[in-house]
Protein chains: 4
Amino acid sequence: MAAEKKITRAEQKALRPIQILDAAFEEFVRCGFAGTRVEDIAERVGVTKGTVYVYFETKETLFEAMINHFSVPFQELLAITDELSGSATERLKSILSLLYEQIAEDRTTRELVRLVIAEGQRFPDLIDRHHDEFIAPIIAKIDSLIVEGMASGEFRQIPVEFSDMVVAPILTRTVLRLIFDDRRDPIPNKEAFLRTYFDLLFNGLLAKPG
Amino acid sequence: MAAEKKITRAEQKALRPIQILDAAFEEFVRCGFAGTRVEDIAERVGVTKGTVYVYFETKETLFEAMINHFSVPFQELLAITDELSGSATERLKSILSLLYEQIAEDRTTRELVRLVIAEGQRFPDLIDRHHDEFIAPIIAKIDSLIVEGMASGEFRQIPVEFSDMVVAPILTRTVLRLIFDDRRDPIPNKEAFLRTYFDLLFNGLLAKPG
Amino acid sequence: MAAEKKITRAEQKALRPIQILDAAFEEFVRCGFAGTRVEDIAERVGVTKGTVYVYFETKETLFEAMINHFSVPFQELLAITDELSGSATERLKSILSLLYEQIAEDRTTRELVRLVIAEGQRFPDLIDRHHDEFIAPIIAKIDSLIVEGMASGEFRQIPVEFSDMVVAPILTRTVLRLIFDDRRDPIPNKEAFLRTYFDLLFNGLLAKPG
Amino acid sequence: MAAEKKITRAEQKALRPIQILDAAFEEFVRCGFAGTRVEDIAERVGVTKGTVYVYFETKETLFEAMINHFSVPFQELLAITDELSGSATERLKSILSLLYEQIAEDRTTRELVRLVIAEGQRFPDLIDRHHDEFIAPIIAKIDSLIVEGMASGEFRQIPVEFSDMVVAPILTRTVLRLIFDDRRDPIPNKEAFLRTYFDLLFNGLLAKPG
DNA sequence: CATGAATGAGTTTTCATTCAT
DNA sequence: TATGAATGAAAACTCATTCAT
């Protein structure tokens, strides 16, 4: 408790914008951009409307800042994927595991996906930047792994423009969780999910002849 | 031409609600529930605000009616899937082809998916009803096909609770089109998509030994 | 009273914007542009804020419309000045009498002058248009009269670019009334004002030699 | 240079209020009382809002202090007029020349006139005090000069309550410059202005007979 | 049925002012 | 003194909804 008191003016000031961004995330996720009241964001932080406007010029600005703020973990994921080693299969599994963890299992990223789908049309620049900074590099990474695997004879030949099929189960699980919000479609355990995912992805549905 | 002219009062009146639902769809898709103005819907029809309220009690009522109105084609899909014949593989391919056509390629269904993701939290009953009426039966259908295929030795053994992975590429393509709205990620031809989809789904990514 | 009831919807609608413009005039005059509350304008009309926005998009729009509305009488003045006859002196007296009546004596125009001085910087386009449509033509008219009078030997030779000195007593009286608002500087009778004005203007202050 | 550096704490503090008054003048002139933000005044000085409130209790207080501060030069003018000598005509010319210089040519006084016209209704006491301290004494001075000139036969007999006509070209020029802000109505040279002004004032517009 | 003027409750935004540091 | 974060009251503006015609 004494420790809490130690929060000085200066520290408080550095904290405020983060607190507001956190609160904004919750409210925007709950009600969407248009449906969210700035006052509710403020209340969640424990300040008044006016304070929000001290830090963010408009509701739009706040929304954009919030999206940027919560996109940071995604960037870290990108860094990790560069340091993998092993066969193409092993590295692909690693990346897909990480992606699953980051997108489907992490509530923040999952809800970010909701906002991108729901509000993307109102913030096209934000979407474009996200595509360029997050989606495209990851897709490129997976593409190059597949190309490498095909070149080495590890993978069968498939048209590389469809590499999003490789990550499809991850995005699909993410979206289904967004829609049914764990009421329906309860989430089974991660290990089983990944095991089946990789089994299907690498071996296919058909029983092998012979 | 004379026939067209005959569309007078009585028919016009029967048409009105449909026109309003169509306009509502466009506006709700464009701006979301909270961001849409009833006046803009009216303007799109060429009437005034008041007229919308002649047919629909509130904006919420209109939204729900619109969702129901545009969910009809989906029901037809369900009927068709019961009449298929052939091997499990063939029937699965047929269902997935139909689903792809209906969900990823059809703009209306695609945008309905956006609304479900974006506004689902505000209209949980709507979502639940949709799950029960559309999603569950289709998943059940696919599940039973897979079970059947596994039983007959046509398919390998996979845990049936992950059957959504089978349709994942379809939902993924749908969502990516929603997000990037054909600016990025241009849609390749359908045949190539389905060919690769089925190839991967049935045979997997790995080169077969031998 | 029955007559008042006769005001139908249609007539009421045609009246509303005028009522709002009248109320806007009073409030803008009283508090200036920034100091005026749209709600006070509405209250003066006996409607609510929202109604004002039915007719005028923004406070700025309303302000501009109000200025334009009340500038109309000024245009009529211009028309009259073209129909004068008599000597240059007589016509000049007629014009100056009209101007005095229209600018210094008419409360509406007088307050319009206040708004032009006070808010001109915020609405430069409005000011420019007024200059071109009202001020410039009147100055031109007076200029041409003076030139004509000088040519005919009726007037002494003076540099024509200073013709605003000829109307100076009118604008000065206007401004003084605006500043002291009849508390100080009580207004003497019009006839005496014009008599002295013309006497000084035509004969000057100095006693004539001889 | 060393001297300039010496302006430290003590002198800085003595300077602050003046700096604030100067900044307040510019902002109040630009946006009017209601339209001016205290923050903009502070920013112009290079301090923060709070600092303004260290020196002035409220925005109103600041406005009034600013008006008083910039009215000082006017007082000096009054002193000078008492020391003139020569014929009534000569002294009148001197006074009018000084007035022209002080009111029409001096930007500060000119803008003060704008504020008096624009904000006078909100600050009636300020206006009254100004009338009593500046306007009335000057008008009185001119009145007495005219009376003296009439008594000595130098001037023709005119009703003395209209002496504001004598200064009208000065106020008129001031107001026109305020309205058109030198965009229209470019200012001709001072000498020509005064020459024509005095010529018209003393001799009138009419060609003298004989 | 259709209108659209009017409402009023609500939302975003602004800003003078305060006060702990 | 100076700061600037925070306030809160108010102002501009919005819009779903109503209702007399």
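Heavy atoms only: backbone and side chains are in, while hydrogens, waters and symmetry mates are out. Proteins get letters first, then strands, A, B, ... in listed order; numbering begins at 1 in each. Bear in mind the structure is a predicted one, so any value in this text is a computation, not a measurement.
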Quiz prompt | Nearest-nucleotide pick for B:R37, side chain only, options being F:dC15, E:dT3, E:dT11 | solution = F:dC15
Exercise. For D:E43 and F:dG4, give me the distance from atom CD to atom C1', rounded to whole Å.
Key: 13 Å
Quiz item: Which comes earlier along DNA chain F counting from the 5' end, the contact point of C:F33 or that of B:G35, where each point is its nearest nucleotide?
Solution: C:F33
Practice problem: On DNA chain F, check which nucleotide each of B:Y53 and D:G50 is closest to and give me the residue with the more 5' one. | Solution: D:G50
Self-check item: Of B:V47 and C:K49, the one whose closest DNA chain E nucleotide lies more 5'
Solution: B:V47
Quiz prompt | Closest listed nucleotide, where the reference is the side chain of A:T48 and the choices are F:dT7, E:dT17, E:dA2 | solution = F:dT7
Exercise. Rounded off to whole Å, could you give me the CD1-to-C1' distance for the A:I20 and F:dA6 pair?
Key: 11 Å
Exercise. Look at C:T51 and E:dA5 and indicate whether a side-chain polar atom (N or O) is within less than 4.0 Å of OP1 or OP2.
Key: no
Quiz item: If pairing requires Watson-Crick or G-U wobble contacts with both distances under 3.5 Å, which nucleotide is the partner of E:dT21?
Solution: F:dA2
Quiz item: How many Å lie between CZ on B:F56 and C1' on F:dT18, as a whole number?
Solution: 18 Å
Practice problem: Take the protein atom CD of D:E27 and the nucleotide atom P of E:dA16, then report the distance between them rounded to whole Å. | Solution: 11 Å
Quiz item: Can the ring centres of D:F33 and D:F123 be said to be less than 6.0 Å apart?
Solution: yes
Exercise. Using Watson-Crick or G-U wobble geometry with both distances below 3.5 Å, tell me the partner of F:dT7, or none.
Key: E:dA16
Practice problem: Considering only NZ, NE, NH1 and NH2 on the basic side and carboxylate oxygens on the acidic side, decide whether C:R107 and C:E26 come within less than 4.0 Å. | Solution: yes
Quiz item: With a non-hydrogen cut-off below 4.0 angstrom, is C:T61 in contact with a base, only sugar-phosphate, or nothing?
Solution: nothing
Exercise. Would you mind classifying the nucleic acid contact of C:Y55 as base, sugar-phosphate or nothing, using non-hydrogen atoms under 4.0 angstrom?
Key: sugar-phosphate
Exercise. Whole angstrom is fine here: how far is it from CG in A:L62 over to P in E:dT11?
Key: 16 Å
Quiz prompt | Interatomic distance where NZ belongs to C:K59 and P belongs to E:dT14 [whole Å] | solution = 14 Å
Practice problem: For C:I41 and F:dA12, give me the distance from atom CD1 to atom P, rounded to whole Å. | Solution: 8 Å
Quiz prompt | Salt bridge D:E119-C:R30, side-chain N to carboxylate O under 4.0 Å | solution = no
Exercise. Determine whether D:T48 and D:E43 make a side-chain contact, defined as any pair of heavy atoms from C-beta on separated by less than 4.5 Å.
Key: no
Quiz item: Are the side chain of D:T36 and the backbone N or O of D:E27 linked by a donor-acceptor pair below 3.5 Å?
Solution: yes
Self-check item: Toward the 5' end of DNA chain E, by each residue's nearest nucleotide, C:R16 or A:E39
Solution: C:R16
Quiz item: Rounded to the nearest Å, what distance is computed from the CG atom of residue D:D40 to the C1' atom of nucleotide E:dT14?
Solution: 12 Å
